[in-house]
Amino acid sequence: MAQARTAEATEHLGATQRRDAWWLELVPVVVVLGLFGIYATIRAFEGAYYAWGPYLSPFYSPLIDPNHHWWPFSPALLILAGPLGFRVTCYYYRKAYYRAFFLDPPACAVGERRRTYRGETAFPFILQNVHRYFLYIAIVFIAFLAHDAIRSFSFDGRFGIGVGSLVLTANALLLSLYTFSCHSLRHLVGGNIDCFSCTSFGQVQGSLWRGVTFLNERHMLFAWMSLFSVGLADLYVRSVASGAIRDLRLL
Ligand code: FES
């Protein structure tokens, strides 16, 4: 009987027996993802103010054909698909934007529009399964960002520390935590084995899996922190490169 009442109460969009303000959870997702999407699109097409001294904006890393020998548009457009595809197909973000933007469903135990549930078994959402391949690309991008972070401490060949060095390093670190806490990576390192002590490298694999699991439990946190850090790192480099602010040298 209780089950029948619950089913009735979630029959149409937004219908629910929940008494809490469940919709509040959707607001920050819409605002933050919406604003980030607009800012990142403008910056990707801008094609300017992406580098200053030893600093390179993460939106433009790796920097390809900055002098437009064969690519007439913004260099960011050449590399955008990698990080964007990784984030858009992320298991956590999928849940967040399906709920916030498609209301599908809006929240747990809250009614949705569709009566049938097909999950991600049909086009276009079946394409979300390419996430594991975007993971490989994302790991390559982490290597470039780590290189940029190290380079940001070199001012005309001499070691130094600017605020930008710290900003780019923090960003590389947070993006690494986001990437290495990925669900697909957790499956990759330990999901294909039932007994860690039964194989030659099982102990090593078990330790790796436990490490990734520790990070994976905090994946949502890293997803948001890295989204803020990558946006702010670009904004910092843009502000310094355009002359809006001066980089503060700490050493
Ligand atoms: Fe979020 Fe892979 S699940 S990055």
Side-chain angles (χ1 to χ4, degrees), residues 36 39-40 43-44 46-69 71 74-87 90 133-182 184-185 188-189 204 207-208 211-212 214-216 218-219 221-251:
F36 181 83
Y39 175 78
R43 280 294 287 145
E46 189 175 21
Y49 307 127
Y50 49 77
W52 180 88
Y55 305 155
L56 174 64
S57 159
F59 285 4
Y60 286 78
S61 178
L63 188 56
I64 302 171
D65 196 28
N67 297 320
H68 305 292
H69 294 305
W71 178 253
S74 165
L77 300 178
L78 285 169
I79 57 149
L80 194 65
L84 183 69
F86 184 54
R87 224 167 254 265
C90 163
Y133 302 108
F134 275 117
L135 167 67
Y136 306 144
I137 297 171
I139 291 172
V140 174
F141 273 82
I142 290 298
F144 282 115
L145 291 172
H147 169 264
D148 294 343
I150 293 168
R151 207 175 67 97
S152 71
F153 291 90
S154 172
F155 294 82
D156 296 323
R158 290 203 181 150
F159 177 77
I161 303 176
V163 170
S165 320
L166 303 182
V167 168
L168 292 180
T169 304
N171 178 53
L173 189 65
L174 287 169
L175 282 170
S176 302
L177 289 171
Y178 171 57
T179 303
F180 294 118
S181 62
C182 171
S184 291
L185 183 65
L188 192 70
V189 299
V204 177
S207 307
L208 267 176
V212 176
F214 176 82
L215 296 178
N216 180 253
R218 292 150 185 84
H219 189 58
L221 175 70
F222 298 143
W224 287 113
M225 288 178 76
S226 62
L227 189 81
F228 279 107
S229 76
V230 74
L232 289 174
D234 173 77
L235 182 63
Y236 185 83
V237 174
R238 191 195 183 285
S239 305
V240 174
S242 65
I245 60 170
R246 288 186 62 175
D247 181 52
L248 190 64
R249 275 292 288 278
L250 306 172
L251 191 72

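We use all heavy atoms of the structure for the numbers below, so side chains are in, but hydrogens, waters and symmetry mates are not.
Using modelled atom types, one side-chain atom of S74 and one backbone atom of A44 make a donor-acceptor pair closer than 3.5 Å. In terms of modelled atom types and a separation under 3.5 Å, the side chain of D65 and the main chain of W71 share a donor-acceptor contact.
Y60 and D234 are not linked by any side-chain donor-acceptor pair at a separation below 3.5 angstrom, with hydrogens and angles left out of the test.
Residues A223 and R87 approach most closely at O-NH1, 3.2 Å, considering heavy atoms. Looking at every heavy atom in both residues, D247 comes nearest to G162 through OD2-CA, 3.8 Å. Across all their heavy atoms, S226 and N171 have their closest contact at O-OD1, 4.3 Å.
Taking SG of C182 as the start and CZ of F222 as the end, the distance is 13.0 Å to the nearest 0.5 Å. Taking CG of L173 as the reference point, atom CG of L166 lies at 12.0 Å (rounded to 0.5 Å). Taking OG of S61 as the reference point, atom OH of Y55 lies at 15.5 Å (rounded to 0.5 Å). Atom OG1 of T179 and atom CG of L185 lie 9.0 Å apart (nearest 0.5 Å). Separating the OG atom in S176 from the CG atom in L145 is a distance of 7.5 Å, to the nearest 0.5 Å.
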When the side chains of residues 150-161 are checked against the rest of the protein, which donor-acceptor pairs come out under 3.5 Å, sequence neighbours left out?
from, atom 1, to, atom 2, distance (Å)
S152, OG, A149, O, 2.6

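A tilted orientation is assigned to the rings of W224 and F228, their planes being inclined by 30° to 60°. The aromatic rings of H219 and Y178 sit parallel, their planes meeting at an angle under 30°, below the 60° perpendicular limit. Ring planes of F141 and F144: perpendicular class, angle over 60° (limits at 30 and 60°).
Summarising the local packing, OH of Y39 is surrounded by more than 12 heavy atoms from other residues, nucleotides or ligands at distances under 6.0 Å. Residue-environment remark: NE2 (H147) stays at or below the threshold of 12 foreign heavy atoms within 6.0 Å.
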